[in-house]
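Shown next, in structure tokens, is the structure this report addresses.
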Amino acid sequence: LNTRLSDGSLLVAGRDITGFAWQEEVLARVDRLVPYNAEEEMKKRGARYHKALLPFVSYSVVDGNLVTGQNPGSAKETAERVAGLL
């Protein structure tokens, strides 16, 4: 969330990304255990956050050479998209 580029800007600012959705945290009953709402924190940092219509399905987003997956079920899809960039 706080990774900065050499020009000082945030890596996620203005980028299309995904990550564990808050709804998934709630449904998994870990919302009280995680230190922050990653979905909201990405948006606060200027990311264009996207998520699947249904929780816990595979979903990944590619923005240039930045590839993100929404949840553990997205690992294969995300890896395939990374491999496609090589």
Distance-only donor-acceptor check, side chains E39 and Q23, under 3.5 Å: no
Side chain proximity check, Y49 to V12, heavy atoms < 4.5 angstrom: no
Side chain proximity check, P72 to F20, heavy atoms < 4.5 angstrom: yes
Heavy-atom donor-acceptor pair, D31 side chain to W22 backbone, under 3.5 Å: no
Check: E25 and N37 side chains under 4.5 Å, non-hydrogen atoms: no
Heavy-atom neighbours of L86 CG exceed 12 at 6.0 Å: yes
Atom pair CG/CG of L85 and N65 - distance to nearest 0.5 Å: 7.5 Å
Non-neighbouring partners of K44 that pass salt bridge (Lys or Arg N to Asp or Glu O under 4.0 Å), sequence neighbours left out: E41
Given V82, T18, V61, the one that forms side chain to side chain contact (heavy atoms under 4.5 Å, CB included) with V67: V82
Full working for side-chain contact (heavy atoms from CB on, under 4.5 Å) between L11 and R4: CA-CA 5 Å; L11 172 67; R4 293 193 178 272; over 6 Å; no
Rounded distance (nearest 0.5 Å) linking atom CZ of R81 with atom NZ of K76: 14.0 Å
K51 to A21 - nearest heavy-atom pair and separation: CD-CB, 4.0 Å
E77 side chain to S74 backbone, donor-acceptor under 3.5 Å: no
Reported OH-to-OG1 distance for the pair Y59 and T78, which is rounded to 0.5 angstrom: 11.0 Å
Heavy-atom donor-acceptor pair, Q70 side chain to A52 backbone, under 3.5 Å: yes
Sub-4.5 Å side-chain heavy-atom contact between N2 and R45: yes
Pairs where residues 53-67 contributes a residue and the test salt bridge (charged side-chain N to carboxylate O under 4.0 Å, His left out) is met, not counting sequence neighbours: R15-D63, R48-D63
L27-V57 co-clustered via ILVMFWY side chain contacts under 4.5 Å: no
Heavy-atom check, side chain of M42 versus side chain of I17, under 4.5 Å: yes
